[in-house]
Each structure stands twice: as C-alpha cells, then as structure tokens.
Amino acid sequence: MAALPPNPVPVAYQGGTPAVPVWLNKGDNAWQMISATLVGLQSVPGLVILYGSIVKKKWAVNSAFMALYAFAAVVLCWVIWGYKMSFGHKLLPFWGKAGPALGQKYLVNQALLPATTQFYDDGRVETAMVTPFYPMASMVWFQCVFAGITLVILAGSVLGRMSFKAWMAFVPLWLTFCYTVGAFSLWGGGFLFHWGVMDYSGGYVIHLSSGIAGFTAAYWVGPRSKKDRERFPPNNVLLMLAGAGLLWMGWAGFNGGDPYSANVDSSMAVLNTNICAATSLLVWTWLDVIFFKKPSVIGAVQGMITGLVSITPGAGLVQGWAAIVFGILSGSVPWFTMMIVHKRWSLLQQIDDTLGVFHTHAIAGLLGGVLTGLFAEPQLCAMFLPVVNSKGGVYGGSGGIQILKQLAGGAFIIGWNLVVTSIICVAINLIVPLRMTEEQLMIGDDAVHGEEAYALWGDGEKYDSTRHGQYSDDTSHNKASIGATQVV
C-alpha cells in the first residue's frame with residue numbers, strides 16, 4: 001500500500017496543535033483583534049488628531065501629547081496590574097485582585113473572566129462563566145484599549161492648563177483607583193454585574209466615569225486663562241473632522257466587539273451604533289440652525305459623539321427603532337445642557353470643562369444608561385446578559401425595576417469618581433502643581449514642550465519684530481466661546 005502524502009497544512013494552522021487549540025474560534029479571535037485595533041485607532045490617532053485640531057493653536061501640541069501619553073501609560077499599567085483588578089478574581093464586591101498579565105502560560109490559555117459566574121439565590125448556576133473562544137492575550141488587549149480611551153476622553157476636560165507632570169501622575173492613579181473599580185463592578189463580575197445593571201459597552205464604565213472625573217479634575221486644576229476662555233477657536237476644523245471620522249468608524253469595534261464573539265448580537269450593536277450617531281448628529285445640527293441660525297460643524301461633531309456615547313450602554317440590547325429614539329434624545333438633551341443650561345447655571349460656568357466632556361460623555365452616558373433600562377429588548381438581553389429574563393421597562397413585568405437599577409448603577413459611578421478623583425487631585429497637588437505657570441499659560445506649547453504645531457507665529461508666542469511680521473492674533477474678535485462648541 002502506498003504511503004499517505006504528508007499533511008499539506010503547516011503545523012501552525014492545524015487544529016489541535018498548540019497554535020490552534022481545540023477551543024480556539026479563528027473567526028471570533030480575528031474579530032476581537034480587529035475590534036481592539038479599531039478602538040485603539042479611536043485614540044491613536046483619532047482623538048490625538050481631534051484634540052490637536054479642536055483647540056487653540058498654541059495648545060495643539062500639548063493637547064495631542066496629553067492624549068498620546070495617556071494611551072501609552074495605560075498600556076503598561078494595564079498589563080502590570082490593571083487588567084486583573086478589572087477582570088480577575090474577586091477581592092472586594094467592586095474590585096479584583098491586582099496582578100500581572102504578562103506570563104506566557106497565562107496569555108496563551110483560553111480567555112475567561114473568573115468572577116462572572118452568575119448564581120441563583122439557591123446556589124444553582126444561572127449563567128456560566130464568560131469564556132470566549134480565543135486566548136487571554138486577545139482579551140487583555142481588547143480591554144486595554146477601552147481603558148486607554150477612557151483616560152484620553154477625560155483629558156478633554158483639562159486641556160489648556162493642566163501641568164503635564166501632574167498629568168503623568170494622574171493617569172496611573174486614576175486608572176488604578178477609579179477605572180478598575182467601574183470595570184470590575186459592571187463587567188468583571190462585581191456587584192453591579194451580578195445585580196443586573198446593564199452597560200453593554202461602557203456608557204457607565206467609560207463615558208459617565210470619564211465625564212464626571214474630568215469635570216471634577218477641571219474644578220481642582222482651575223480654569224484656563226481669561227484670554228483663552230474668551231477666545232478658543234479650533235486651529236484646524238478639517239483635521240478635526242478627520243479625527244472625528246476615525247472616532248465614529250472606530251466605534252464599530254467599540255460596540256461590536258463587546259459580545260466577545262462575532263455573533264448576531266455584535267451585528268445588531270454595530271448597526272444600532274451608526275443609526276443613533278447619524279440621528280444625533282442631524283438633530284444637533286437642526287437645533288443649531290433653528291436657534292442660532294447657523295449649522296455648526298463643531299456642533300455636528302458634538303452631536304455625533306453624544307449619539308455614539310448614548311447608544312453604547314444599550315447597543316446590542318435594543319431594537320433599531322429604539323436606536324432612533326436614543327439618537328433624538330442624545331442630539332437634544334446634551335445640546336440643551338451645553339447650549340442653554342451651561343450658560344445660565346453659574347456652577348457650570350465656574351468649572352472650565354475645556355471640551356464639554358461633562359455634557360458629551362457624562363450626560364450622554366447617563367442618558368443612554370437610563371434609556372437602556374427603558375428599551376432593552378428581552379431576546380437581545382438573553383443573548384448577552386448574565387441575569388436571565390432581563391428586559392427594559394417598556395416590555396412590562398420586572399422591566400420597571402431595571403430603570404431603578406440603571407439609576408443606582410449610575411449613582412455609584414458618579415459618587416465614586418467625584419470622591420476618588422478629588423482625592424487624587426489633592427494628593428498630586430501636594431507633590432507637583434496641578435496647574436501650569438502663568439508664563440506657560442500665556443505662551444502655550446513653545447513654553448511647555450519647546451515645540452509648536454505649525455511653523456507660523458500666532459497664539460501665545462511672545463512678539464519679536466525681528467522674527468514676526470504684522471501682529472496677527474486676537475484682533476477684531478467679537479465672539480465668545482464656551483468649551484468646544486462655539487457660540488454660533
């Protein structure tokens with residue numbers, strides 16, 4: 001008998017080998033890695049470009065660098081201790097046990113979230129532990145980019161005056177004592193996870209937390225210079241749109257990757273995300289036209305962001321028609337708080353939230369969480385949630401309780417971030433000033449980094465007639481600006 005020909009498939013691709021264990025689903029793993037890359041691109045270069053473009057020219061380098069530094073610092077902190085605090089074994093009802101996620105034996109094994117087994121009151125298993133069909137390395141990286149973008153979003157509240165040295169200390173401290181608490185509580189198997197609070201992809205863990213923490217940090221750092229608060233035009237609107245576009249398209253990974261599988265729920269989440277973002281952008285623009293007579297490009301970007309944020313806690317849990325409702329409300333409620341309430345409430349005016357992160361992320365994130373409690377569809381909930389028979393208020397029965405759970409979960413995230421972010425800021429200020437010097441505030445990037453975004457003279461640079469021509473900045477200006485949305 002003739003010998004059988006050798007297997008033409010290389011060992012690295014054969015099932016049952018160390019590189020392709022029997023539990024590995026190549027499709028799920030591919031989608032998870034793509035989703036992680038898409039979320040990473042939202043930060044680098046997405047928000048790096050957006051931040052560097054939406055601020056006044058003299059702060060372009062500093063703003064972009066704060067985002068870039070935060071992302072890099074989170075990666076290292078995450079793999080050394082942060083991941084296991086968020087998704088490891090339970091230490092406290094709201095915190096996991098710290099530890100490294102660096103060893104080969106840990107990273108090549110099948111991914112699992114050990115604290116996620118859901119039990120009935122009598123001790124029987126209600127839902128088995130989360131065990132996706134790909135290696136732990138994929139899970140660690142996917143969750144890492146979420147942690148990274150949370151700090152980058154938070155940075156938007158303190159641009160244009162926070163000391164870079166203080167920011168270098170703030171990033172690891174806030175990741176450790178704030179982000180990991182929210183992540184474990186709602187996603188990693190903490191008390192809110194098992195109670196049944198719905199946060200599909202980070203409306204609370206990422207957006208509500210960063211919005212509240214950013215607003216709190218802005219209070220402690222203090223406002224920008226009077227001149228910057230009065231006039232803070234974007235230095236490159238078209239490049240800002242490029243960053244915003246990366247943010248929007250990257251959200252396919254943000255919400256599409258959170259079922260931890262390339263499944264039906266993932267597809268629903270991606271479609272709902274785009275429906276809501278588009279609706280919200282249009283509503284915000286219409287409101288600008290109706291009340292201010294001009295369509296604002298920056299306003300459209302704000303509406304896009306609030307739509308993406310508000311659908312995040314319910315992306316894979318609601319129907320397409322509900323996504324339109326989310327979009328209508330996310331394009332109008334944060335618009336109202338930013339454009340009307342902000343200008344009439346002295347507290348909001350006193351705290352200088354540079355890019356309006358409180359409105360675009362905290363307000364929109366909490367709004368989305370409450371709407372999820374209202375519109376979460378039972379069959380879609382069964383595809384994703386550990387608590388069986390979960391549903392939103394419009395579906396009757398126990399659905400009304402879900403809204404109360406959503407409010408309670410949001411209250412915990414708000415309270416924790418208010419208190420702990422304040423403690424972090426006060427502690428840092430004892431060692432290094434939170435705020436730049438007056439000279440740095442006047443000059444900007446050149447004083448802070450010795451670098452400028454453009455080879456042009458303008459905002460902040462000290463005038464030197466031998467180097468510069470006609471004085472070109474801050475002449476004939478009659479418009480004021482608050483945060484990122486200009487008065488149109």
Side-chain angles (χ1 to χ4, degrees), residues 42-68 152-162 214 218 223-248 281 284-285 287-289 292-306 308 334-335 338-339 342-343 352-361 441-446 448-449 451-461 472-488:
Q42 290 182 292
S43 294
V44 182
L47 286 174
V48 171
I49 292 174
L50 192 150
Y51 283 8
S53 306
I54 202 171
V55 298
K56 196 172 185 177
K57 182 170 71 68
K58 74 175 186 178
W59 295 115
V61 171
N62 181 258
S63 300
F65 195 15
M66 284 182 70
L68 183 66
V152 175
I153 292 168
L154 193 160
S157 292
V158 293
L159 298 180
R161 80 280 199 183
M162 187 172 186
R224 287 166 290 168
S225 67
K226 183 176 183 294
K227 188 176 179 181
D228 280 357
R229 291 199 76 182
E230 290 174 350
R231 176 163 171 77
F232 206 73
N235 68 84
N236 194 323
V237 172
L238 296 181
L239 202 57
M240 175 198 73
L241 288 174
L246 284 167
L247 195 66
W248 186 346
L281 185 154
W284 194 295
T285 302
L287 289 171
D288 277 348
V289 170
F292 300 116
K293 310 306 179 186
K294 291 182 181 179
S296 166
V297 177
I298 298 176
V301 171
Q302 301 282 38
M304 177 204 80
I305 291 173
T306 57
L308 293 167
W335 180 92
M338 176 180 281
M339 305 302 290
H342 190 107
K343 297 173 183 178
D352 182 19
D353 180 1
T354 308
L355 299 187
V357 176
F358 174 76
H359 302 283
T360 57
H361 292 271
L441 290 173
M442 179 180 69
I443 298 172
D445 289 336
D446 194 29
V448 180
H449 302 286
E451 298 164 316
E452 294 182 272
Y454 306 103
L456 300 168
W457 178 72
D459 295 338
E461 187 175 350
S472 60
D473 182 49
D474 292 325
T475 58
S476 301
H477 302 315
N478 55 15
K479 291 184 179 180
S481 63
I482 298 175
T485 299
Q486 309 302 304
V487 176
V488 294

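Bear in mind the structure is a predicted one, so any value in this text is a computation, not a measurement.
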*Asks:* Between atom NZ of Lys58 and atom CD1 of Ile443, what is the distance when rounded to the nearest 0.5 Å?
*Replies:*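 Rounded to the nearest 0.5 Å, the NZ-CD1 separation comes to 8.5 Å.
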
*Asks:* Mind checking whether Lys294 and Ser296 have side chains closer than 4.5 Å, heavy atoms only?
*Replies:*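 They are not in contact (no side-chain heavy atoms under 4.5 Å apart), so the answer is no.
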
*Asks:* How long is the straight-line distance from CD1 of Ile54 back to CD1 of Ile49, given to the nearest 0.5 Å?
*Replies:*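 Going from the CD1 atom of Ile49 to the CD1 atom of Ile54 covers 13.0 Å.
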
*Asks:* Return yes if some donor-acceptor pair links the side-chain N/O of Thr306 with the main-chain N/O of Gly303 below 3.5 Å, else return no.
*Replies:*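 Side chain of Thr306 to backbone of Gly303: a pair is present.
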
*Asks:* Kindly compute the distance separating CG (Leu247) from OG (Ser43), expressed to the nearest 0.5 Å.
*Replies:*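 Separation between the atoms: 8.5 Å.
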
*Asks:* How would you list, by chain and number, every residue that makes a side chain to side chain contact (heavy atoms under 4.5 Å, CB included) with Leu287, sequence neighbours excluded?
*Replies:*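 Testing Leu287 for side chain to side chain contact (heavy atoms under 4.5 Å, CB included), a comparison that skips the adjacent residues, returns Val283, Phe291, Ser332, Trp335.
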
*Asks:* May I ask you to decide if Val55's main-chain N or O and Asn235's side chain share a donor-acceptor pair within less than 3.5 Å?
*Replies:*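 Yes, Asn235 side chain to Val55 backbone: donor-acceptor pair under 3.5 Å.
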
*Asks:* Please say which of Glu451, Arg161, His449 ends up in a side-chain hydrogen bond (donor to acceptor under 3.5 Å, both in side chains) with Asn62.
*Replies:*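 Result: among Glu451, Arg161, His449, His449 is the only option passing the side-chain hydrogen bond (donor to acceptor under 3.5 Å, both in side chains) with Asn62.
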
*Asks:* Roughly how far apart are Trp248 CH2 and Leu281 CG, rounded to 0.5 Å?
*Replies:*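 Here the rounded value is 6.0 Å.
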
*Asks:* To the nearest 0.5 Å, what is the distance between OG1 (Thr354) and CH2 (Trp59)?
*Replies:*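 One finds 10.0 Å between OG1 of Thr354 and CH2 of Trp59.
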
*Asks:* Mind checking side chain to side chain donor-acceptor pair (under 3.5 Å) for Asp445 and listing every partner two or more places apart, or none if nothing turns up?
*Replies:*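 For Asp445, no residue satisfies side chain to side chain donor-acceptor pair (under 3.5 Å) once neighbours in sequence are set aside.
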
*Asks:* Side-chain contact test, heavy atoms from C-beta onward, threshold under 4.5 Å: evaluate it for Asp352 versus Arg229 and give yes or no.
*Replies:*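 Yes, side chains in contact.
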
*Asks:* For Met66 and Leu159, what are the C-alpha separation, side-chain angles and deciding distance, and is it a side chain to side chain contact (heavy atoms under 4.5 Å, CB included)?
*Replies:* CA-CA 8 Å; Met66 284 182 70; Leu159 298 180; 3.9 Å; yes

*Asks:* Side-chain contact test, heavy atoms from C-beta onward, threshold under 4.5 Å: evaluate it for Ile298 versus Pro234 and give yes or no.
*Replies:*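 Yes. Closest side-chain heavy atoms under 4.5 Å.
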
*Asks:* Which residues pass the side chain to side chain donor-acceptor pair (under 3.5 Å) test with Ser157, not counting sequence neighbours?
*Replies:*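 Counting only residues at least two positions away or on another chain, Ser157 forms a side chain to side chain donor-acceptor pair (under 3.5 Å) with Asp353.
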
*Asks:* Go through the structure and list residues passing ring pair (Phe, Tyr, Trp, His ring centres under 6.0 Å) with Phe358, not counting sequence neighbours.
*Replies:*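 Partners of Phe358 under the ring pair (Phe, Tyr, Trp, His ring centres under 6.0 Å) test: Phe215.
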
*Asks:* Is the shortest heavy-atom distance from the side chain of Thr360 to the side chain of Pro334 under 4.5 Å?
*Replies:*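 No, side chains not in contact.
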
*Asks:* Can you tell me how far apart NE2 (His359) and CD (Gln302) are? Round to the nearest 0.5 Å.
*Replies:*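 Those atoms lie 9.5 Å apart.
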
*Asks:* Any donor-acceptor pair under 3.5 Å linking the side chain of Tyr51 with the backbone of Val152?
*Replies:*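 Flag set: sc Tyr51 to bb Val152 pair under 3.5 Å.
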
*Asks:* List in chain and number order the residues that pass side chain to side chain contact (heavy atoms under 4.5 Å, CB included) with Leu68, two or more places apart in sequence or in another chain; answer none if no residue qualifies.
*Replies:*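 With neighbours one apart ignored, the set is Val44, Val48, Phe65.
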
*Asks:* Which residues pass the side chain to side chain donor-acceptor pair (under 3.5 Å) test with Asn236, not counting sequence neighbours?
*Replies:*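 Result, side chain to side chain donor-acceptor pair (under 3.5 Å) vs Asn236: none returned.
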
*Asks:* Val357 and Leu154: side chain to side chain contact (heavy atoms under 4.5 Å, CB included), yes or no, with the steps?
*Replies:* CA-CA 7 Å; Val357 176; Leu154 193 160; over 6 Å; no

*Asks:* The test is salt bridge (charged side-chain N to carboxylate O under 4.0 Å, His left out); show your working for Lys56 and Asp228 and say whether it passes.
*Replies:* CA-CA 8 Å; Lys56 196 172 185 177; Asp228 280 357; 3.0 Å; yes

